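We name chains A, B, ... by the order of the sequence lines, and we start the count at 1 in each one. Everything quoted here is computed from the prediction, not taken from an experiment.
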Number of protein chains: 2
Amino acid sequence: MELSERKQKILGAVVELYIKTGEPVGSKSLLSELDMSVSSATVRNEMAELSALGLLEQPHTSAGRIPTNEGYRYYVDNLMVNRQIDESLRRHIEASFGSALTDPEKLLERAGEVLADLTGCAAVSTTPSGEGAYIRRVEAVPVGTRTVMIVLMTSTGVIKSKVARSDFDLNASVLESFYNVVKASFVGKLLSEVDTPMMQSLVASLGGDVFSLLPLMTAVSDLAQEAVHTEVMLGGQSNILHHNNYYGNTAYELLEFLRRGEPLSKLLSSASESKDVDVKIGSENPYRQLMKSSVIVSNYNIDGNRRGSIGIIGPTRIDYANLIPSVKYLTDLVGELLTQTFKEE
Amino acid sequence: MELSERKQKILGAVVELYIKTGEPVGSKSLLSELDMSVSSATVRNEMAELSALGLLEQPHTSAGRIPTNEGYRYYVDNLMVNRQIDESLRRHIEASFGSALTDPEKLLERAGEVLADLTGCAAVSTTPSGEGAYIRRVEAVPVGTRTVMIVLMTSTGVIKSKVARSDFDLNASVLESFYNVVKASFVGKLLSEVDTPMMQSLVASLGGDVFSLLPLMTAVSDLAQEAVHTEVMLGGQSNILHHNNYYGNTAYELLEFLRRGEPLSKLLSSASESKDVDVKIGSENPYRQLMKSSVIVSNYNIDGNRRGSIGIIGPTRIDYANLIPSVKYLTDLVGELLTQTFKEE
DNA sequence: CTTAGCACTCTTTGGTTGTGAGTGCTAACT
DNA sequence: AGTTAGCACTCACAACCAAAGAGTGCTAAG
């Protein structure tokens, strides 16, 4: 869509003013913000044309204009200039990561909280995907006579552990055969290869040891499942109540939607890989509950590979110019931290 | 406070009707619920006296009565009969614990979710306290040449792990001396004994090995800190929006309060040990944000020792008769599950 | 002690009426 | 042809008022 320079200036001003105040913006209040040497009537004419193009709309006949989803879209794609994140804020963010660095889950949870505080929106983050990761190591640490803790480490640095119980004593010889099986059948395997058929054929091949080993094997399989499955974390839910756009029970519906991890996970994984930051505005979102919300998602990379996402969810009149760079900055930071943590083999 | 039988009956009926409908209850609507052979005027007189006693109040002059905090308190202490939890519900609850049994943190988180769904309130739960627990075992599992995962197990079955990095190669001899130090200084110690002075004197005694061992020791100490510190989990926040008593931004304030773990933790730990279930009504709570809320908390025991708490937070007109038994039932169940899981030594 | 009756209070609801912000249109102006 | 002043029009919103309804407290009689 081609717009005259003046139309662009007006559209941009309407969007930014509406984002700031939350009130529909009229021709006069627009003029006082915008140093243009034209009259309000001219602005009105231009706004009428922008309405005809579907970029602005009126809540009712005699009110100011607010941007449509398409209006926001045009603004984000063509008009917006990303704000810089100032240095002191940057230091503040980096400082908030304290010592939670070692555990990826904790790190991502923290990242969500930081982003929520920073943006005043609800924030979501996913743990690093296990896709393409393989099993680096499995250990069985005895806890009791019939109890061991199984620890599984993946090539992406994720560590999962679980207690396994057997109905038989787990003596040295049982553990030895456990390690043999693990070495032969698990280490080096992709996490996604550990599935039901694989387990079945493994069990079939175990022979006499099956009864004592089965609980341990099941635990390893469970852990692989857990590790390949990305977890979705949510922070700053209460921020949603701050945005007066969520009146009535839309706030409840949104919170309820955010609680279910599965649709959230889909939402995040659908974020475009090609773009730095993916912005979905209102009805561009695939879920009914998000019709009045915008979602800003960015992917973080570990060692150059896309591994997970971090994003925020707010009203469509979210402050794109400030928050898009914030999300971008935080995902990059998380990617760096994780890469750094696990680069030592 | 002594009340005539009729006053008790009336007070009880007012409380229960108000809990059910949320509307102030008047003398007439009360009569139709209550099969008493008296007139509305008599009821009015009784209600006036209950008001004078501070057990009922009126939102405005010509409205029905609602219970005061003292009214609820009298009801809970003297009038209420605990409802039974029906068998099918009981089975449903037990089924919802699926396979999350092994990890206490997961179990408690799940318990919170279940309770939130069950009661329609926000639910909080704490992980088992490390107070009185000792270190049962510490393991160092090599991950890379300069990286090990430290795993700490406590006598209460909590397992914490953390990756530790050193600036030197962690060869077999370093690990051996690590295990020696652990055996001598950590295993069998109470978690609370691992504090800064203890660590300082330990470091002083390490001698030449200090540089390679220090990161590992620090990790062990961190894990002990983590294990002794109980974590507070929150579920069902969105349920708060359902209760129309939280109008305006009281809902936001409450959510914001619940987000901060520290006051929540204090709240839970202040639950009376003597009583089965501790109920705090409105201003009985020590926090301003809970003035309009009731908190129902119960402790769970592992092997007979109080280890943590589970509770719910809702409006003061919460359904005490049904929900107190629910909370009680769930805490007992959690206690049983945890005891069972860790009784094998 | 109980109860019928009644005056009184206070919220809630619906209707009416201004007010003000903002628009669209027309006609004049550059 | 684009711009602007002027003006009639629309519509949400607040203020105000009246009627309705629920419920009370009080009084006097049973």
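- Taking the side chain to side chain contact (heavy atoms under 4.5 Å, CB included) definition, one finds that B:S62 meets it with B:H60, sequence neighbours left out.
- In this structure B:H242 satisfies the ring pair (Phe, Tyr, Trp, His ring centres under 6.0 Å) test together with A:Y252, sequence neighbours excluded.
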Please list, for nucleotides 14-17 of chain D, all pairs of protein and nucleotide N/O atoms separated by less than 3.5 Å.
none

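- Annotation: proximity of residues 11-45 of chain A to DNA chain C (heavy atom, distance under 4.0 Å) is found for A:G26, A:S27, A:R44, numbered in ascending order.
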**Prompt:** Under the side chain to side chain contact (heavy atoms under 4.5 Å, CB included) criterion, do B:L56 and B:I66 qualify, and how do the steps go?
**Reply:** CA-CA 6 Å; B:L56 294 180; B:I66 63 178; over 6 Å; no
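- Residues B:E5 and B:K9 are not paired through a salt bridge, judged by the lack of any N-O separation under 4.0 Å between the basic side chain and the carboxylate.
- Less than 4.0 Å separates DNA chain D from at least one heavy atom of each of the following residues of residues 53-72 of chain A: A:H60, A:T61, A:S62.
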Show the atom names and distances, to 0.1 Å, of all donor-acceptor pairs under 3.5 Å that link a side chain in residues 29-36 of chain B to residues at least two apart or in another chain.
{"from": "B:S29", "atom 1": "OG", "to": "B:G26", "atom 2": "N", "distance (Å)": "3.3"}
{"from": "B:S29", "atom 1": "OG", "to": "B:G26", "atom 2": "O", "distance (Å)": "3.2"}
{"from": "B:S32", "atom 1": "OG", "to": "B:S29", "atom 2": "O", "distance (Å)": "2.8"}

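- The salt bridge (charged side-chain N to carboxylate O under 4.0 Å, His left out) check on B:R259 picks up A:D117, B:E256, with sequence neighbours excluded.
- For B:D276, the side chain to side chain contact (heavy atoms under 4.5 Å, CB included) criterion is met by B:K328, not counting sequence neighbours.
- Take A:E46 and apply the side chain to side chain contact (heavy atoms under 4.5 Å, CB included) test, not counting sequence neighbours, and it matches A:S4, A:R6, A:K7, A:I10, A:E49.
- Scanning for side-chain hydrogen bond (donor to acceptor under 3.5 Å, both in side chains) contacts around A:K292 gives A:Y247, with sequence neighbours left out.
- A:K266 has a carboxylate O that lies under 4.0 Å from a charged side-chain N of A:E262, or vice versa, which qualifies the two as a salt bridge.
- Bracketed by its first and final contacts, the part of DNA chain C lying under 4.0 Å from non-hydrogen atoms of chain B reaches from C:dT2 to C:dT11 in 5' to 3' order.
- Under a 3.5 Å cut-off, the side chain of A:T68 and the backbone N or O of A:L55 do form a donor-acceptor pair.
- Scanning for ring pair (Phe, Tyr, Trp, His ring centres under 6.0 Å) contacts around A:F257 gives A:Y287, with sequence neighbours left out.
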